[in-house]
Asks: 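Quick one: this structure, given as structure tokens, is what I'll be asking you about.
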Amino acid sequence: MTRSSLSGVGICLESNWQTVGIVLEYIQAEIPLCMLSTQWPSTAVDQALDQLGIKNAVTTRKDLKTNRINPDSYDTNRMDYPKIRAGSGKIATILHTSGTSSGPKAVAHTLDNHIASAKSACSKLNLGSGDRWLLSLPVWHISGMSIIFRCLMSGAKIIIPDPDMPLLEALFAHKITHVSMVAAQFMQVIDQPPPASLRAAIVGGGPTPHHVLDQGIKRGWPIRTTYGMTETSSMVTLSGKKFPCGSSGHTLQGNEIKIAKDGEILIRSPAVCLGYLHGGSVHSAVDNDGWLHTGDLGKLDLTGQLYVLGRKDNMFISGGENISPEEIEQVLHTFPEVQESVVVPVPDSRFGQRPVAFIRGCSDFDGLTHFLAQHFPKFKIPAFYPWPAEMPSTSLKRNRKSLTNLAIRLQNT
């Protein structure tokens, strides 16, 4: 643990040109940026800033207690990219983890972290000044922030579409060459072939159903699968244009991956963050040998391709048997009508815990039960509930904790 003097600013804005301009201005001025989700309630935003000792936030929101700075006070009309000076070791950005299983953590990155990540991705993708990357993910998420740095390093253009323009239409209208999407976004576009300009459709942010990837490949989408996280400044693996089913690709240059004895994925890389921030303290994210313990389970095949199997902290015990939610979800996603599923545990007086599944796109729960019975023993077959209306299909990550709480309420009604 180290102490760090932090005099930064919060940014809680939608992803548009004004926001990108403000981000670039602060990066050039070497003032730490704390990116905050516009989807967070005001209490969560205020609490996050207060814990970090940040007094000011650039935002249009009027429900915050934190001192607000009007984004219109910035001159963001310039279109040139600033020059990035690396090597200072200072905090450049603070982004929060998704907090799908526990509360979100504040992750501190240096410019060196972002630059190392961007260089490895640009090299693999052969990204250049003639390319156009669609900013289809929010800049308060590492997937969106990393697009900015890749374009800074390569000279590629950042393209920000009209927020009301459908994703597929934006890809065609702007002659996009590269796009990053989560699975839910990709499912919105695969019914149609991609524009001829598109060279890479990077699908990540969590597991994507195999049948969705297969459908996209048949439609001609140039899919590239990937694995990464907030702590690694985005992707650390990327597949080629052809990849085995379930693969997240090979390790990008400059990164190391190994699998621990318990199956956990460990990563060592210059892109790994400075650490976790709380107040004025930075807690290192790596062990004494420099390895980041990701909390994800995985395996490497003989060619070095990574396969992500699930989260260590998602596993639970039912009647003395270990259950991996991701294993059940993977099989559910092979059922033709299932568009999305999340499996969570609920307390059970007899077995300790039992699985419950939320399903989007399919209401034939008897059919699903019969289908799973062909693949799993009875204790792994969940009870089913329809996809909750309050859970948008475009969320970057599923909040398993809130879904568990919802499942418990439904079980008790």
Side-chain angles (χ1 to χ4, degrees), residues 15-30 33 74-87 92-93 109-139 141-162 165 167-181 194-204 220-226 228 232-241 249-250 252-255 269-271:
S15 298
N16 53 39
W17 270 119
Q18 184 183 54
T19 303
V20 171
I22 293 170
V23 166
L24 295 179
E25 183 170 323
Y26 277 109
I27 287 173
Q28 190 170 34
E30 299 185 1
L33 291 171
Y74 294 83
D75 179 13
T76 57
N77 292 320
R78 71 176 197 184
M79 299 298 291
D80 58 312
Y81 290 164
K83 292 183 178 180
I84 300 300
R85 295 183 295 274
T93 64
H109 300 92
T110 66
L111 283 180
D112 283 349
N113 296 148
H114 287 297
I115 290 169
S117 174
K119 283 183 174 179
S120 64
C122 292
S123 175
K124 180 73 172 179
L125 292 165
N126 196 26
L127 193 69
S129 58
D131 291 319
R132 304 165 66 85
W133 201 307
L134 189 73
L135 188 64
S136 54
L137 296 167
V139 292
H141 192 274
I142 190 62
S143 298
M145 180 63 72
S146 63
I147 292 171
I148 294 176
F149 278 95
R150 289 173 204 149
C151 292
L152 282 175
M153 300 308 297
S154 66
K157 292 182 175 61
I158 302 170
I159 304 298
I160 304 178
D162 185 300
M165 181 179 286
L167 179 57
L168 186 65
E169 185 179 338
L171 294 172
F172 276 92
H174 296 285
K175 297 181 180 178
I176 297 301
T177 61
H178 294 75
V179 63
S180 301
M181 295 179 282
S197 60
L198 194 65
R199 289 175 30 220
I202 299 170
V203 183
W221 285 85
I223 297 170
R224 310 286 286 271
T225 57
T226 184
T232 62
S233 310
S234 193
M235 64 174 75
V236 291
T237 71
L238 184 65
S239 74
K241 296 177 182 178
H250 287 98
L252 290 170
Q253 186 176 4
N255 300 281
S269 166

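Keep in mind that the numbers below use all heavy atoms, side chains included, and drop hydrogens, waters and symmetry copies.
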Asks: What's the shortest heavy-atom distance between Ile160 and Ser15, and which atoms?
Replies: CG2-O, 4.0 Å

Asks: My understanding is that only residues two or more places apart in sequence, or in another chain, count here; which of them pass side-chain contact (heavy atoms from CB on, under 4.5 Å) with Ser120?
Replies: Leu252, Asn255

Asks: Looking at residues at least two apart in the chain, or sitting in another chain, which of them share a side chain to side chain donor-acceptor pair (under 3.5 Å) with Ser180?
Replies: Trp133

Asks: Hey, could you give me the CG/CD distance between Leu171 and Glu169, rounded to the nearest 0.5 Å?
Replies: 10.0 Å

Asks: Check whether Ser129 reaches the backbone of Gly155 with its side chain - one donor and one acceptor, N or O, closer than 3.5 Å.
Replies: no

Asks: Main chain of Thr237, side chain of Thr226: is a donor-acceptor contact present, judged purely on distance under 3.5 Å?
Replies: yes

Asks: Any salt bridge (Lys or Arg N to Asp or Glu O under 4.0 Å) pairs touching residues 129-138, not counting sequence neighbours?
Replies: Asp131-Arg199

Asks: Begin from the C-alpha positions of Ile115 and Met153 and carry the test side chain to side chain contact (heavy atoms under 4.5 Å, CB included) through to its verdict.
Replies: CA-CA 7 Å; Ile115 290 169; Met153 300 308 297; 3.8 Å; yes

Asks: Among pairs that include at least one residue of residues 145-161, which meet side-chain hydrogen bond (donor to acceptor under 3.5 Å, both in side chains), considering only residues two or more places apart or in two chains?
Replies: Ser146-Arg150, Ser146-Ser234, Arg150-Ser234

Asks: Side chain to side chain donor-acceptor pair (under 3.5 Å) with Thr232: which residues, sequence neighbours excluded?
Replies: none

Asks: Nearest 0.5 Å, please: how far is CG in Leu135 from CG in Leu137?
Replies: 7.5 Å

Asks: For Tyr74, give me all partners under ring pair (Phe, Tyr, Trp, His ring centres under 6.0 Å), at least two apart in sequence or on another chain.
Replies: Tyr26

Asks: Between His174 and Ile176 (side chain of the first, backbone of the second, donor and acceptor by atom type, cut-off under 3.5 Å), is there such a pair?
Replies: no

Asks: Holding to side-chain contact (heavy atoms from CB on, under 4.5 Å), I want the full list of residues that pass it with Pro270, two or more places apart in sequence or in another chain.
Replies: Ala116

Asks: Taking only residues two or more places apart in sequence, or in another chain, which ones meet Ser123 in a side-chain contact (heavy atoms from CB on, under 4.5 Å)?
Replies: Gln253

Asks: Can you name the ring pair (Phe, Tyr, Trp, His ring centres under 6.0 Å) partners of His114, sequence neighbours left out?
Replies: His109, Phe149

Asks: Strictly by salt bridge (Lys or Arg N to Asp or Glu O under 4.0 Å), give each pair with a member in residues 120-129 just once, sequence neighbours left out.
Replies: none

Asks: Quick one: are His178 and Leu134 in side-chain contact, heavy atoms under 4.5 Å?
Replies: no

Asks: Output the distance between atom CE (Met145) and atom CG (Leu33), rounded to the nearest 0.5 Å.
Replies: 6.0 Å

Asks: Output all residues satisfying side-chain contact (heavy atoms from CB on, under 4.5 Å) with Thr110, sequence neighbours left out; order by chain, then residue number.
Replies: Asp112, Asn113, Leu274

Asks: In Å and rounded to the nearest 0.5 Å, what is the CG to CD distance from Asp75 to Gln18?
Replies: 10.5 Å

Asks: Name the one of Ile223, Ile147, Leu125 that satisfies side-chain contact (heavy atoms from CB on, under 4.5 Å) with Ile202?
Replies: Leu125

Asks: Find the distance between CG (Leu111) and OG (Ser233) and round it off to the nearest 0.5 Å.
Replies: 10.5 Å

Asks: Taking all non-hydrogen atoms of both residues, which atom of Ala201 and which atom of Trp221 are closest, and how far apart?
Replies: CB-CE3, 4.2 Å

Asks: Given 3.5 Å as the limit, does a donor-acceptor pair link the side chain of Arg224 with the main chain of Ser239, or not?
Replies: yes

Asks: Taking side chain to side chain donor-acceptor pair (under 3.5 Å) as the test, write out the residues that go with Ser136, two or more places apart.
Replies: none

Asks: Of the non-hydrogen atoms in Pro222 and Pro194, which two are nearest, and what is the gap between them?
Replies: CD-CG, 4.2 Å

